[in-house]
Amino acid sequence: MSEDCIFCKIVAGEIPCKKIYEGNDILAFHDIHPVAPVHFMIIPKEHIASLADAHVRHEELLGRILLLAPILAKEQGLDDGFRTIINTGRGGGQEVFHLHVHVIGGNGPRPM
Ligand code: AMP
Ligand code: ZN
């Protein structure tokens, strides 16, 4: 756990979240500022600051996070597909430095 990390505090239950999934080492919850009708994120419980800070030992965990995306997306009603976004580093627009995969949908198709 990283002391001043907001997502670590969510994992620890110190800050509330609208949880949609919890496993031993993965948590998923709704984004507090959704940009679409469905917008949630999937995070490892372990504090990994960004994708650039992930290591080979995280390979299996990262794989399970990605495989969870379509399952949770479907549970949230996204039958027609969804976007996945991982912002990495300041230059990548990352604001919360605890690795997370955004899952976004319900706005219809969009370019890019
Ligand atoms: P980024 O680091 O740019 O990929 O995005 C961070 C995301 O975390 C933003 O979409 C925020 O709305 C979201 N966020 C920040 N604080 C919370 C929180 N307490 N609960 C849920 N989502 C949050
Ligand atoms: Zn953290």
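Counting convention: from 1, in listed order, for ligands and their atoms alike. Count residues from 1 along the sequence. Keep in mind that the numbers below use all heavy atoms, side chains included, and drop hydrogens, waters and symmetry copies.
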Exercise. Strictly under 4.0 Å, does any heavy atom of C17 approach an atom of ligand 1?
Worked result: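 For ligand 1, residue contact (heavy atoms, under 4.0 Å) with C17 is absent.
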Exercise. Name of the H98 N, O or S atom nearest the Zn ion (ligand 2)?
Worked result: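 In H98, the N, O or S atom with the shortest distance to the Zn ion (ligand 2) is ND1.
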Problem set entry | Residue H47 atom name (nearest to the Zn ion (ligand 2); N/O/S) |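 Distance check against the Zn ion (ligand 2) picks out ND1 in H47.
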For this session: Quickly, which of I43, N87, I86 forms a side-chain contact (heavy atoms from CB on, under 4.5 Å) with L99? Name it, please.
Result: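 Answer to the side-chain contact (heavy atoms from CB on, under 4.5 Å) test with L99 among I43, N87, I86: I86.
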Exercise. Which heavy atom of P44 sits nearest a heavy atom of L61, and at what distance?
Worked result: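 That closest heavy-atom pairing would be CB-CD2, 3.8 Å.
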Exercise. If you look at every heavy atom in F97 and G89, which pair is closest and at what distance?
Worked result: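 So the two residues come closest at CE2-CA, 4.0 Å.
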For ligand 1, the portion of [X] having any non-hydrogen atom under 4.0 Å away:
{"X": "I10", "result": "side chain"}
{"X": "I32", "result": "both"}
{"X": "F7", "result": "side chain"}
{"X": "F97", "result": "neither"}

Exercise. Among protein heavy atoms, which sits nearest to atom 11 (C) of ligand 1, and what does the distance come to when rounded to 0.1 Å?
Worked result: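 Nearest protein contact, heavy atoms only, for atom 11 (C) of ligand 1 is D31 OD1, 3.4 Å.
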Problem set entry | Close side-chain approach of Y21 and L68, heavy atoms under 4.5 Å |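 Contact flag for Y21/L68 side chains = yes.
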Run the numbers for me: atoms of ligand 1, each under 4.0 Å from some heavy atom of [X], listed by number.
{"X": "G93", "result": "3 (O)"}
{"X": "H100", "result": "1 (P), 2 (O), 4 (O), 5 (O), 6 (C)"}
{"X": "H102", "result": "1 (P), 4 (O), 5 (O), 7 (C), 10 (O)"}
{"X": "F29", "result": "21 (C)"}
{"X": "N87", "result": "1 (P), 3 (O), 4 (O)"}
{"X": "H30", "result": "21 (C)"}

Quick one: pull up [atom1] in [X] and [atom2] in [Y] and give me the separation to the nearest 0.5 Å.
{"X": "I32", "Y": "I6", "atom1": "CD1", "atom2": "CD1", "result": "7.0 Å"}
{"X": "L62", "Y": "R57", "atom1": "CG", "atom2": "CZ", "result": "10.5 Å"}
{"X": "K18", "Y": "F29", "atom1": "NZ", "atom2": "CZ", "result": "12.5 Å"}
{"X": "D53", "Y": "I48", "atom1": "CG", "atom2": "CD1", "result": "8.5 Å"}

For this session: For the atoms SG of C8 and SG of C5, give the angle they form at the Zn ion (ligand 2), rounded to 10 degrees.
Result: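 Angle SG(C8)-the Zn ion (ligand 2)-SG(C5): 120°, rounded to 10°.
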Exercise. Side chain of H100, backbone of A28: donor and acceptor closer than 3.5 Å?
Worked result: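 Between the backbone of A28 and the side chain of H100 there is no qualifying donor-acceptor contact (under 3.5 Å).
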Problem set entry | Nearest neighbour of atom 8 (O) of ligand 1 from the list E95, M41, Q94, K18, on a heavy-atom basis |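 Residue with the shortest heavy-atom distance to the ligand atom: M41.
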For this session: Count the heavy atoms belonging to other residues, nucleotides or ligands that lie under 6.0 Å from CD of E14, then report whether that count exceeds 12.
Result: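 Yes, CD of E14 has more than 12 neighbouring heavy atoms, counting only those of other groups under 6.0 Å.
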